[in-house]
*Asks:* 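The structure's right below; bear with me while I get my questions together.
Keep in mind that what you see is a predicted model, and the values were worked out from it rather than measured.
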There are 2 protein chains.
Amino acid sequence: MSEVKLTRNQGLVFDALQAAEAPLSAYTILDRLRGEGFRAPLQVYRALEKLLALGLVHRLESINAFVACSHPHHDHGESLVAFAICQTCGDVREFAAPAAAAGLRDWAAGAGFKPAKTTIELSGLCRACSAAGA
Amino acid sequence: MSEVKLTRNQGLVFDALQAAEAPLSAYTILDRLRGEGFRAPLQVYRALEKLLALGLVHRLESINAFVACSHPHHDHGESLVAFAICQTCGDVREFAAPAAAAGLRDWAAGAGFKPAKTTIELSGLCRACSAAGA
DNA sequence: TGCCAGACGTTATAGCGTAACACAACGGCC
DNA sequence: GGCCGTTGTGTTACGCTATAACGTCTGGCA
Ligand SMILES: [Zn+2]
Ligand SMILES: [Zn+2]
Ligand SMILES: [Zn+2]
Ligand SMILES: [Zn+2]
């Protein structure tokens with residue numbers, strides 16, 4: 001088992017991300033935790049660094065924000081994870097993308113490229129906003 | 001045909017990106033064009049905005065940098081483009097990812113998500129650096 | 001000629017992320 | 001318990017990334 005004990009700061013940042021319904025920027029997290037004694041961005045970034053390493057949190061490169069992992073229990077090992085980000089409501093859905101992962105792995109094998117980290121992010125409209133936006 | 005006439009600033013920024021062997025940040029572009037009269041970030045960002053809209057330039061979200069398109073003639077219409085970024089030498093390869101595109105399109109169709117823009121970026125080691133790094 | 005959309009120049013400001021330093025807390029080990 | 005390396009913390013300061021807001025200028029077209 002991988003029962004990791006988080007420190008106070010790490011736990012606070014993680015809780016903030018889990019409580020949020022949308023991704024949060026590091027500075028938004030900072031503001032939400034000022035009541036808990038947070039004063040500087042580094043406190044947030046250091047906690048995020050650990051949470052990212054543990055796989056409990058993901059970074060959304062295209063919007064410079066962070067989300068709690070939707071399914072932190074099972075490692076998303078070699079089946080890459082992807083994100084669908086709604087440009088209207090900000091909602092994010094995390095999903096596995098095995099077909100995409102396979103295609104990219106094939107290309108990498110042919111090109112001799114050794115991937116260390118893969119980013120797949122879709123920006124667009126979620127079903128609800130797509131219906132509402134008519 | 002889509003022979004677009006670029007303005008002076010747009011042309012200078014595009015030339016700077018084409019001349020570079022690696023992606024450039026907006027501020028690096030600014031520094032390289034100071035001799036041409038560039039003084040403020042906005043001059044670069046405005047030119048980039050247009051070049052991105054024209055599809056002549058791509059933005060690499062994971063490293064906040066920009067590259068000239070490798071094959072600007074044929075639109076990469078519905079076959080998504082992906083990037084392999086070497087963490088050691090900074091080299092970037094742009095490639096089409098039809099299998100990944102299909103997989104993501106399938107998921108989006110099932111989830112009711114309408115993608116507007118898709119980001120696929122692999123960070124890792126290129127063949128040369130992988131061999132050298134032993 | 002008059003108009004207008006788009007590009008341009010400038011200043012200022014907002015947002016994202018890290019360097020550097022010193023100190024405290026934890027845990028293994030003897 | 002006392003030692004010591006590792007990890008986390010708090011704070012200040014700084015650098016990089018991106019946009020807001022304003023006014024001006026140009027080029028194309030009725
Ligand atoms: Zn996850
Ligand atoms: Zn939505
Ligand atoms: Zn391209
Ligand atoms: Zn390389």
*Asks:* So, is B:Tyr27 close to the D:dC16 phosphate, meaning a side-chain N or O under 4.0 Å from OP1 or OP2?
*Replies:* no
*Asks:* Can you check whether B:Cys69 reaches B:Leu56 side chain to side chain, under 4.5 Å on heavy atoms?
*Replies:* no
*Asks:* Mind calculating the distance between CG (B:Leu42) and C1' (C:dC8) to the nearest angstrom?
*Replies:* 10 Å
*Asks:* With respect to the side chain of A:Asn9, which nucleotide from C:dC8, D:dT9, C:dA19 is positioned closest?
*Replies:* D:dT9
*Asks:* A:Thr119 and B:Glu121: side-chain hydrogen bond (donor to acceptor under 3.5 Å, both in side chains), yes or no, with the steps?
*Replies:* CA-CA 5 Å; A:Thr119 300; B:Glu121 296 176 15; 5.5 Å; no
*Asks:* Rounded off to whole Å, could you give me the CG-to-C1' distance for the B:Leu30 and C:dG9 pair?
*Replies:* 13 Å
*Asks:* Look at the side chain of A:Tyr45 and decide which nucleotide, out of D:dA18, C:dC16, D:dA20, has an atom nearest to it.
*Replies:* C:dC16
*Asks:* To the nearest Å, give me how far apart CZ (A:Arg39) and C1' (D:dA13) are.
*Replies:* 16 Å
*Asks:* Calculate the interatomic distance between A:Leu24 atom CG and C:dG15 atom P; express it in whole Å.
*Replies:* 15 Å
*Asks:* Does B:Gln43 have a side-chain nitrogen or oxygen under 4.0 Å from the phosphate oxygens OP1 or OP2 of C:dC8?
*Replies:* no
*Asks:* Figure out the CD/P separation between A:Glu61 and D:dT17, and round it to whole Å.
*Replies:* 14 Å
*Asks:* When the nearest nucleotide of DNA chain C is assigned to B:Asn64 and to B:Phe38 on a heavy-atom basis, which residue is associated with the more 5' position?
*Replies:* B:Phe38
*Asks:* What about B:Phe83 and B:His58, are their ring centers closer than 6.0 Å?
*Replies:* yes
*Asks:* So which atom in A:Ala111 and which in B:Arg93 form the shortest heavy-atom distance, rounded to 0.1 Å?
*Replies:* CB-NH1, 3.7 Å
*Asks:* Given C:dA7, D:dT17, C:dT10, which nucleotide is nearest the side-chain atoms of B:Lys50?
*Replies:* C:dA7
*Asks:* Which comes earlier along DNA chain C counting from the 5' end, the contact point of A:Arg46 or that of A:Ala65, where each point is its nearest nucleotide?
*Replies:* A:Ala65
*Asks:* To 10°, what angle do the rotation axes through the five end pairs on each side of the helix from C:dT1-D:dA30 to C:dC30-D:dG1 form?
*Replies:* 30°
*Asks:* Which part of the nucleic acid, if any, lies within reach of A:Ala26 when heavy atoms closer than 4.0 Å are counted: base, sugar-phosphate only, or nothing?
*Replies:* nothing
*Asks:* Choosing from D:dT12, D:dA18, C:dT11, which nucleotide comes nearest the side chain of B:Phe66?
*Replies:* D:dA18
*Asks:* Could you tell me the separation between the CD atom of B:Glu49 and the P atom of D:dT17, rounded to a whole number of Å?
*Replies:* 18 Å
*Asks:* Using a 4.5 Å cut-off on heavy atoms from C-beta on, say whether the side chain of A:Lys114 contacts that of B:Arg127.
*Replies:* no
*Asks:* Parallel, tilted or perpendicular: which one describes the rings of B:Trp107 and B:Phe113, with boundaries at 30° and 60°?
*Replies:* tilted
*Asks:* For A:Leu48 and D:dG8, what is the distance between atoms CG and C1' respectively, to the nearest whole Å?
*Replies:* 15 Å
*Asks:* Would you mind telling me which residue lines up with the more 5' stretch of DNA chain D, B:Arg59 or A:Ala47, judged by nearest nucleotide?
*Replies:* A:Ala47
*Asks:* Could you tell me the separation between the CG atom of A:Leu54 and the C1' atom of D:dT7, rounded to a whole number of Å?
*Replies:* 13 Å
*Asks:* Does A:Thr7 have a side-chain nitrogen or oxygen under 4.0 Å from the phosphate oxygens OP1 or OP2 of D:dT7?
*Replies:* no
*Asks:* Inspect the contact between A:Glu61 and A:Arg59 and indicate whether a charged nitrogen and a carboxylate oxygen are less than 4.0 angstrom apart.
*Replies:* yes
*Asks:* Is A:Ile63 linked to A:Val44 within one hydrophobic cluster, defined over Ile, Leu, Val, Met, Phe, Trp and Tyr using a side-chain heavy-atom separation of less than 4.5 Å?
*Replies:* no
